[in-house]
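Down below is the structure, laid out as structure tokens.
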Amino acid sequence: ISNPQNPTKSWEYEVQNNNSIVTSRLYNNKLYLITRTYSSRTPCPMPVFGGTRQIQIACTDIYYPTVNSGSDSVYTAMTIDPNTGQIDKQLSLVGSANQSVIYMSTNNLYITYSFTADLVAYMYNVATENQDLFGEDTVAKLAKLQTYDISDQSKLTELGIIFQNMANG
């Protein structure tokens, strides 16, 4: 701001419905802005900004994991020239409104979130890598459990039984 007593507006963006600004940082004369769009309520293309500077995200421009992750939001990271308001770069990816973590270091911007993976597959991998602790019989039972055509809850029950039997020896 060249004149703090009488500032003038150079540019603006209008945040659209189902969107919010999550955080921003000014670093090396670039404004880093992160927005969140609640994807469960917004069809594609997803509007981020409206008004005279409209920004929309095509579904094909959103990065997502190859496994079902239970995401409910789309995060868009962008760099903006603070003098002109021009968006230099932008990237969109799925995340979770309640579990995403955003961090900016000197050289990188991180947007993360966790999701629950297949516990049976995870425990099978752990047991396979540590057969001396689990034993061949337990590893074989975990391998077979992965092939059962039953609900995830039923698989978790069976997993508990396998480990209980292993503990009882």
Side-chain angles (χ1 to χ4, degrees), residues 1-130 146 149-156 159:
I1 299 175
S2 58
N3 184 352
Q5 285 74 30
N6 191 19
T8 58
K9 186 185 328 183
S10 299
W11 54 270
E12 72 178 339
Y13 284 97
E14 293 179 26
V15 179
Q16 292 294 285
N17 293 339
N18 295 332
N19 288 280
S20 59
I21 294 176
V22 179
T23 190
S24 62
R25 302 283 186 276
L26 183 63
Y27 180 73
N28 283 346
N29 200 31
K30 290 210 182 248
L31 177 63
Y32 292 82
L33 182 70
I34 310 291
T35 64
R36 178 178 52 229
T37 304
Y38 291 102
S39 57
S40 61
R41 299 181 221 150
T42 309
C44 288
M46 294 181 177
V48 177
F49 298 124
T52 58
R53 293 179 178 248
Q54 293 185 12
I55 300 290
Q56 293 185 340
I57 305 164
C59 283
T60 54
D61 292 338
I62 301 170
Y63 291 94
Y64 57 91
T66 56
V67 296
N68 185 356
S69 60
S71 63
D72 60 5
S73 300
V74 173
Y75 287 83
T76 301
M78 58 190 82
T79 58
I80 301 174
D81 181 325
N83 297 314
T84 65
Q86 182 68 35
I87 295 176
D88 296 325
K89 297 178 185 178
Q90 75 181 48
L91 172 76
S92 298
L93 59 141
V94 298
S96 169
N98 296 322
Q99 296 182 15
S100 290
V101 176
I102 299 170
Y103 172 74
M104 184 172 170
S105 69
T106 304
N107 299 315
N108 296 294
L109 176 64
Y110 301 91
I111 302 174
T112 66
Y113 75 103
S114 63
F115 67 95
T116 305
D118 179 353
L119 189 58
V120 173
Y122 176 78
M123 290 310 300
Y124 171 73
N125 288 336
V126 169
T128 301
E129 292 173 7
N130 299 284
Q146 291 185 91
D149 187 18
I150 57 177
S151 71
D152 290 342
Q153 187 61 42
S154 295
K155 283 185 180 182
L156 290 176
L159 181 65

(request) Report the residues that fulfil salt bridge (Lys or Arg N to Asp or Glu O under 4.0 Å) with Lys89, sequence neighbours left out, ordered by chain and then residue number. (result)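 Partners of Lys89 under the salt bridge (Lys or Arg N to Asp or Glu O under 4.0 Å) test: none.
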(request) Return the set of residues passing salt bridge (Lys or Arg N to Asp or Glu O under 4.0 Å) with Asp81 (not counting sequence neighbours), or none when no residue passes. (result) none
So, [X] side chain and [Y] main chain: donor-acceptor pair closer than 3.5 Å or not?
{"X": "Asn19", "Y": "Val15", "result": "no"}
{"X": "Arg53", "Y": "Trp11", "result": "no"}
{"X": "Tyr38", "Y": "Ala97", "result": "no"}
{"X": "Tyr75", "Y": "Ser96", "result": "yes"}
{"X": "Ser39", "Y": "Asp72", "result": "yes"}

(request) State which residue, out of Ile80, Thr76, Leu26, fulfils the side chain to side chain contact (heavy atoms under 4.5 Å, CB included) condition with Leu33. (result) Ile80
Got a second to check how far [X]'s [atom1] is from [Y]'s [atom2], nearest 0.5 Å?
{"X": "Gln54", "Y": "Tyr13", "atom1": "CD", "atom2": "OH", "answer": "11.5 Å"}
{"X": "Gln16", "Y": "Gln56", "atom1": "CD", "atom2": "CD", "answer": "8.5 Å"}
{"X": "Lys30", "Y": "Asp88", "atom1": "NZ", "atom2": "CG", "answer": "3.5 Å"}
{"X": "Asn130", "Y": "Asn125", "atom1": "CG", "atom2": "CG", "answer": "10.5 Å"}
{"X": "Met46", "Y": "Ile55", "atom1": "CE", "atom2": "CD1", "answer": "15.0 Å"}
{"X": "Met78", "Y": "Ser24", "atom1": "CE", "atom2": "OG", "answer": "11.0 Å"}

pair [X]-[Y]: side-chain heavy atoms closer than 4.5 Å:
{"X": "Ser10", "Y": "Asn83", "result": "no"}
{"X": "Tyr64", "Y": "Val74", "result": "no"}
{"X": "Gln90", "Y": "Val48", "result": "no"}
{"X": "Ile34", "Y": "Leu109", "result": "yes"}

(message) Is it the case that over 12 heavy atoms from other parts of the model lie below 6.0 angstrom from the CG atom of Asp118?
(response)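 Yes, CG of Asp118 has more than 12 neighbouring heavy atoms, counting only those of other groups under 6.0 Å.
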(request) Hey, could you give me each pair passing disulfide bond (SG atoms under 2.5 Å apart) that has a residue in residues 51-126? Not counting sequence neighbours. (result) Cys44-Cys59
(request) For side chain to side chain contact (heavy atoms under 4.5 Å, CB included), just list the numbers for Thr35 and Phe49, CA-CA rounded to whole Å, side-chain angles, deciding distance to a tenth of an Å, and then say yes or no. (result) CA-CA 10 Å; Thr35 64; Phe49 298 124; 4.0 Å; yes
(request) State whether Tyr32 and Arg25 meet the cation-pi test: NZ (Lys) or CZ (Arg) under 6.0 Å from the six-membered ring centroid, and within 45° of the perpendicular axis. (result)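 Checked: cation-pi criterion not met.
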